[in-house]
Amino acid sequence: QKEVEQDPGPLSVPEGAIVSLNCTYSNSAFQYFMWYRQYSRKGPELLMYTYSSGNKEDGRFTAQVDKSSKYISLFIRDSQPSDSATYLCAMSAKLTGGGNKLTFGTGTQLKVEL
Amino acid sequence: GAVVSQHPSRVICKSGTSVKIECRSLDFQATTMFWYRQFPKQSLMLMATSNEGSKATYEQGVEKDKFLINHASLTLSTLTVTSAHPEDSSFYICSAGLAGRMDTQYFGPGTRLTVL
């Protein structure tokens, strides 16, 4: 079993829809949770970063963490064609002085259609 | 802020040659840099963790003699693929952690390596 599970999609939605992307994880040591967006042939771009359980909102994006269920989500409101990309969840364990290793999900490919 | 660059963005080389990829943190100091490879439609696979001034820590299954990593300064890490073979063709991405805030990473744009 992978430490982080993420449905690879592809997920196709109409413009303006609310998108829900999810990851589950098995390692209870994970404390830091991130969502990255990756366009084709580009490096991942950090979208959201959360530490504790609960919701965090940034514009059209809301990240949700439920540590008791080991489940994280990213919601995109009013989705746009420019949101079409692969969304990767990532997480890491206890903070260390030298930097944390990230464990990534496989990524969900999202396509927002006109 | 938190911009990471990579050079070159794309490289094509002959089998048996060595290729060096540079990763720079442009506006911050990166005590730790990470090197990943990514195959098409797959997630990022961590190859090694590079700490400034010390030897890199390689993940299991990654050949340290084949993938040489140097992190000589707080803003520069290099990955050298030695004696490259077609199976080394991949998308190589580096990332850097902010000094004093090591809970997340910022990624470079990636380098696409094609070995003929």
Side-chain angles (χ1 to χ4, degrees), chain A residues 2-11 21 23-25 29-52 56 58 63 65 72 85-111, chain B residues 1-6 9-10 21 23 25 29-60 71 74 77 90-113:
Chain A
K2 293 180 183 177
E3 277 191 294
V4 179
E5 298 277 359
Q6 184 177 10
D7 187 337
L11 177 63
L21 303 166
C23 288
T24 59
Y25 62 96
F30 287 142
Q31 296 185 19
Y32 303 91
F33 304 91
M34 286 136 274
W35 285 95
Y36 287 86
R37 177 174 62 195
Q38 187 176 22
Y39 293 111
S40 181
R41 302 187 180 190
K42 300 290 184 183
E45 168 196 0
L46 181 66
L47 277 180
M48 299 286 285
Y49 155 72
T50 54
Y51 170 67
S52 57
K56 181 176 182 178
D58 184 0
V65 174
I72 69 170
T86 296
Y87 290 81
L88 296 143
C89 65
M91 41 200 85
S92 64
K94 192 174 78 169
L95 197 68
T96 61
N100 289 342
K101 282 171 52 172
L102 291 180
T103 302
F104 283 88
T106 52
T108 299
Q109 187 179 351
L110 171 67
K111 184 172 183 181
Chain B
V3 177
V4 176
S5 71
Q6 269 182 254
S9 58
R10 168 173 277 185
I21 302 169
C23 176
S25 55
Q29 293 186 330
T31 309
T32 304
M33 289 185 170
F34 303 83
W35 286 95
Y36 297 83
R37 66 187 295 181
Q38 186 177 34
F39 292 104
K41 299 192 177 182
Q42 293 188 28
S43 192
L44 286 79
M45 183 194 83
L46 179 65
M47 298 174 67
T49 303
S50 164
N51 290 298
E52 184 264 338
S54 62
K55 290 183 180 179
T57 302
Y58 290 81
E59 294 300 299
Q60 192 173 11
H71 192 161
L74 286 172
S77 177
S90 188
F91 193 51
Y92 292 88
I93 310 176
C94 72
S95 71
L98 287 168
R101 187 184 166 181
M102 290 302 180
D103 50 353
T104 191
Q105 298 172 25
Y106 295 88
F107 285 81
T111 296
R112 181 155 303 281
L113 170 64

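Numbers restart at 1 for each chain; the letters A, B, ... are given by sequence-line order, proteins then strands. Side-chain atoms are counted along with the backbone in the values below, which use heavy atoms only and exclude waters and symmetry mates.
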* Under 4.5 Å from a heavy atom of chain B, the part of Tyr39(A) involved -> neither

* To do: Tell me, please, which residues at least two apart from Gln109(A) pass side chain to side chain contact (heavy atoms under 4.5 Å, CB included).
  => Pro10(A), Thr86(A)

* To do: Go through Leu102(A) and Tyr36(B) one step at a time and tell me if the side chain to side chain contact (heavy atoms under 4.5 Å, CB included) criterion holds.
  => CA-CA 11 Å; Leu102(A) 291 180; Tyr36(B) 297 83; 4.0 Å; yes

* Residue Gln38(B) versus chain A: region with a heavy atom under 4.5 Å -> side chain

* Under 4.5 Å from a heavy atom of chain A, the part of Glu59(B) involved -> side chain

* To do: Please identify each residue that fulfils salt bridge (charged side-chain N to carboxylate O under 4.0 Å, His left out) with Glu45(A), with sequence neighbours left out.
  => Arg37(A)

* **Ser43(B) side-chain N/O to Gly105(A) backbone N/O, donor-acceptor pair under 3.5 Å** => yes

* Considering all heavy atoms, the nearest Gln38(A)-Phe91(B) contact -> NE2-CE2, 4.1 Å

* Enter the distance from Tyr36(A):OH to Gln105(B):CD here, rounded to the nearest 0.5 Å. => 5.5 Å

* Would you give the length of the straight line joining atom CG of Leu88(A) to atom CZ of Phe107(B), rounded to the nearest 0.5 angstrom? => 8.5 Å

